[in-house]
Undergrad: 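Here it is: the structure, laid out below.
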Amino acid sequence: MMETILVVEDTKYFSDILTDELKDSHYNVITVYNGASALKKIEEKMPDLIILDVKLPDITGTEILAYVRQYDTKVPVIICTAIPSPKLKTYYDRWASAVIIKPVDLDSLLGIVKKELAKVK
Amino acid sequence: MLSRIRWSTLGLICLSIILFFILTKVLNPFFLPRLAVPLSIIICLCAGTVLLSIILRPAKKQLINMNISQEKYKETTNLLELSKKEMEEKNIMLKQRTETLTTLNRINKAMISTTDLDRILGLILEAVQKDLNFDRTIIFLIENGILGPEKGVGIEAEALEKLAIPMKDKNNFVIKTIIEAKPKIIYSIEEEVLPKCFSESYKNLKPNILAAIPLISKDKVIGLVLVDNTKSQREIEERDIRNLTTFTNQAGLAIDNARLFEMEKNFVEELKRQVDIAKRELEQTQAQLIQSERLSALGEMAAVVAHEVRNPMASIRASAQRISKKIANEDPNKKYTRYIIEESDRLERVVKNILLFSGDSTPQSVDTDMNKLLEDVLYFLQPEIESSQVQLVKMFDESISMLKIDPALIRQVLLNVIQNGLHFMVNRERRDLKVATMQDGTNIIVEISDTGPGIPEENIRKIFDPFFTTKPSGTGLGLAISNRIIEAHKGRIEVQSVLNYGSTFKIILPLS
């Protein structure tokens with residue numbers, strides 16, 4: 001059964017690339033461009049993994065992470081950001097599975113996705 | 001008087017002859033002529049004697065008086081002689097005194113005209129020597145609880161230096177003189193204690209050839225003049241001391257004034273120095289403030305730029321990567337995707353450096369073994385070192401203490417500095433890289449030396465400025481970041497460079 005990955009990314013091009021790359025690697029990908037849609041998708045059904053941009057048009061990726069962790073402490077959440085805030089480092093260390101900084105190497109990202117999914121299996 | 005006596009005696013003789021004739025005539029009828037003559041003679045003699053004694057009584061008195069007068073005369077003559085002598089002596093003394101006063105006046109004038117302590121001491125010694133001619137004269141001054149020999153005549157400088165006496169040694173005669181504040185001639189050597197340091201310079205002592213005269217200013221003893229005649233063995237007299245005191249009274253004041261002036265001069269100089277330091281510090285603070293303002297502006301800008309650059313960069317790089325995957329390796333266009341990826345990475349490095357430079361680089365300090373950290377860095381750089389055929393010399397002091405530093409940040413500094421060294425040694429004939437560690441008290445020092453072309457004088461101060469680079473592909477941030485990291489660790493980087501010879505970077509990190 002194909003694992004579902006929720007990609008929350010407001011940059012259209014980058015989310016497109018990510019979606020294509022993940023699809024090429026045989027994942028079921030749901031792509032949303034803002035926090036509200038992300039929360040809606042999470043409420044509908046918790047995905048197997050979430051790739052989360054921090055800076056979104058409505059709410060932040062950190063808030064989405066907090067929301068997710070209320071219901072599920074296990075689902076892997078990969079934070080993908082241009083500038084990681086030093087203030088949030090301990091928070092991410094505790095609650096996020098990994099933090100990757102843009103520009104990302106697609107192969108590294110796929111490696112992390114695979115590893116995180118394997119952990120929860 | 002004498003003539004009176006003479007006449008009286010003559011008259012008396014005449015009177016006796018007349019009386020004799022009268023008596024012989026008178027007595028003749030009563031006595032036999034044989035008896036009358038001697039009887040007359042006897043009576044005459046008796047009468048003459050009585051009369052003579054009556055006549056001579058005033059003469060005797062006169063004679064006694066005359067004797068007394070004569071003695072008085074002698075006495076007066078003697079007295080006169082004495083007075084004359086005394087006057088002559090006084091004249092000599094007066095002459096001496098005048099000379100002393102003239103010298104003193106000259107010295108005073110000279111002393112007033114100068115505030116140079118050494119010159120004043122010289123003048124005093126010159127005057128004492130000229131006027132009193134002792135074998136040796138030494139001026140001591142009290143400073144910081146020590147009576148130190150300041151200047152002397154008749155003594156070698158080397159011997160003079162040894163004569164310092166601690167003020168707490170109160171049993172020796174020198175310090176005693178200071179405490180008593182009275183001039184002192186050493187009458188008895190046995191009764192007085194000599195300072196220990198005097199044993200060499202004051203041999204052959206005998207009574208009355210050594211004297212100490214305190215130097216007094218404003219009722220306070222400020223030093224002492226020590227005079228002696230150990231060579232000539234000529235005794236020092238009270239008069240010498242009196243004369244010397246005339247000098248010392250003035251000298252004390254002059255020395256004190258000179259010292260005050262010197263103190264004031266020093267104080268002014270110190271004040272000036274402190275003002276200079278304060279000014280420099282202020283300038284530094286100002287420069288730092290400007291720098292930190294620049295940096296904070298840079299920091300804000302960096303965050304925006306990083307975000308705005310990294311997001312499109314993420315799309316560019318990932319797109320190139322996607323295309324690269326779809327293009328066959330043989331396709332000649334594949335290399336363009338590689339170019340995009342590599343150039344994206346280069347841009348990313350710039351962004352990362354700017355962020356690191358402007359961002360919060362508060363070190364996360366942990367105990368770190370500097371030698372081990374250096375080994376790690378050198379291991380990481382090994383391929384580069386080998387490919388550029390650089391001779392690596394490691395001189396690690398294994399006994400250095402553990403350092404509380406942020407290893408990730410310091411690693412970056414070491415990488416930056418060593419990579420710079422390697423970069424500038426390319427195309428050099430000699431390619432030696434020396435990496436040494438050492439401990440200097442409370443600092444750990446990492447010394448990185450290369451045999452590159454060296455840094456021109458005009459660039460030395462600029463190498464830590466952000467965006468200053470001489471490398472064609474440099475960002476100009478490597479050393480700027482390194483410097484900031486080391487500063488954040490309360491350390492510093494020192495650079496020494498000789499053109500065409502090489503450069504040495506000293507990274508100095510405090511242990512605490």
Side-chain angles (χ1 to χ4, degrees), chain A residues 5 7-27 29 31 33-34 51-57 60-62 78-94 98-114, chain B residues 296 298-327 329 334 337-366 406 408-409 412 484-485 488:
Chain A
I5 296 176
V7 175
V8 188
E9 172 62 62
D10 67 330
T11 317
K12 177 78 176 69
Y13 296 167
F14 190 58
S15 61
D16 252 16
I17 300 161
L18 270 187
T19 309
D20 291 349
E21 184 71 17
L22 290 167
K23 274 181 180 165
D24 282 356
S25 302
H26 313 292
Y27 292 112
V29 185
T31 312
Y33 305 104
N34 56 53
I51 296 175
L52 202 55
D53 184 15
V54 176
K55 210 176 166 208
L56 294 166
T60 66
T62 315
I78 298 169
I79 300 286
C80 182
T81 176
I83 298 181
S85 162
K87 286 177 206 158
L88 290 171
K89 189 181 179 296
T90 40
Y91 182 78
Y92 290 150
D93 283 350
R94 172 82 177 82
V99 177
I100 54 172
I101 294 160
K102 292 177 191 171
V104 294
D105 182 70
L106 290 177
D107 296 334
S108 312
L109 177 64
L110 282 175
I112 293 166
V113 168
K114 213 170 159 187
Chain B
S296 84
L298 183 70
E300 278 167 34
M301 206 178 78
V304 177
V305 169
H307 192 262
E308 293 313 309
V309 171
R310 272 177 168 172
N311 274 317
M313 191 69 64
S315 304
I316 294 168
R317 194 186 190 283
S319 298
Q321 236 184 327
R322 290 275 300 156
I323 297 165
S324 175
K325 278 181 189 175
K326 306 284 175 200
I327 297 175
N329 283 345
K334 186 158 173 129
T337 58
R338 204 184 75 231
Y339 292 171
I340 297 171
I341 292 166
E342 277 175 11
E343 290 298 84
S344 303
D345 287 348
R346 195 161 101 83
L347 264 176
E348 166 53 18
R349 275 203 301 279
V350 176
V351 172
K352 206 170 151 189
N353 273 342
I354 293 173
L355 275 179
L356 196 69
F357 185 71
S358 55
D360 175 26
S361 56
T362 310
Q364 307 279 318
S365 296
V366 288
D406 187 324
L409 290 177
Q412 199 195 341
R484 256 181 78 82
I485 291 172

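Proteins get letters first, then strands, A, B, ... in listed order; numbering begins at 1 in each.
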Undergrad: Are B:Arg322 and A:Asp24 packed together at the side-chain level, in the sense that at least one heavy-atom pair is separated by less than 4.5 angstrom?
TA: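 With C-beta onward as the side chain, the pair touches.
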Undergrad: Is chain A contacted by the side chain of B:Ser344, its backbone, both, or neither, given a heavy-atom distance below 4.5 Å?
TA: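 Neither part, no heavy atoms under 4.5 Å.
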Undergrad: Indicate yes or no: at least one non-hydrogen side-chain atom of B:Gln321 is less than 4.5 angstrom from one of A:Asp107.
TA: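 Yes - at least one pair of side-chain heavy atoms lies under 4.5 Å apart.
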Undergrad: Considering residues, nucleotides and ligands other than B:Lys334, do more than 12 of their heavy atoms fall under 6.0 Å from its NZ?
TA: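 Correct, the count exceeds 12.
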Undergrad: Heavy atoms, side chains only, cut-off 4.5 Å: are B:Ser315 and A:Thr11 in contact?
TA: yes
Undergrad: Which pair of heavy atoms, one from B:Ala314 and one from A:Pro103, lies closest together, and at what distance?
TA: CA-CB, 3.5 Å
Undergrad: Tell me whether B:Lys325 is salt-bridged to A:Glu21, with the criterion being a basic N under 4.0 Å from an acidic carboxylate O.
TA: yes
Undergrad: Looking at A:Tyr13, I'd like to know if its OH atom is crowded, meaning that more than 12 non-hydrogen atoms belonging to other residues, nucleotides or ligands lie closer than 6.0 Å.
TA: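 It does not: A:Tyr13 OH has 12 such atoms or fewer within range.
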Undergrad: How close do B:Ala318 and A:Leu106 get, heavy atom to heavy atom, and via which atoms?
TA: O-CD1, 3.4 Å
Undergrad: Say you draw a straight line from CG of B:Asp345 to CG of A:Asp105; how long is it, rounded to the nearest 0.5 Å?
TA: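 B:Asp345 atom CG to A:Asp105 atom CG measures 8.0 Å (nearest 0.5 Å).
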Undergrad: Looking only at non-hydrogen atoms, find the nearest pair between B:Arg310 and A:Ile101 and report the distance.
TA: NH1-CG2, 3.6 Å
Undergrad: What option among A:Leu18, A:Leu109, A:Asp20 has the most heavy-atom pairs under 4.5 Å with chain B?
TA: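 Looking at each of A:Leu18, A:Leu109, A:Asp20 in turn, A:Asp20 comes out on top.
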Undergrad: Is the shortest heavy-atom distance from the side chain of A:Thr81 to the side chain of B:His307 under 4.5 Å?
TA: no
Undergrad: In Å and rounded to the nearest 0.5 Å, what is the CG to CD1 distance from B:Asn311 to A:Ile83?
TA: 9.0 Å
Undergrad: Measure across A:Ala82 and B:Ala306 and return the closest heavy-atom pair with its distance rounded to 0.1 Å.
TA: CB-O, 4.5 Å
Undergrad: Under a 4.5 Å heavy-atom cut-off, does chain B meet the side chain of A:Lys12, its backbone, both or neither?
TA: neither
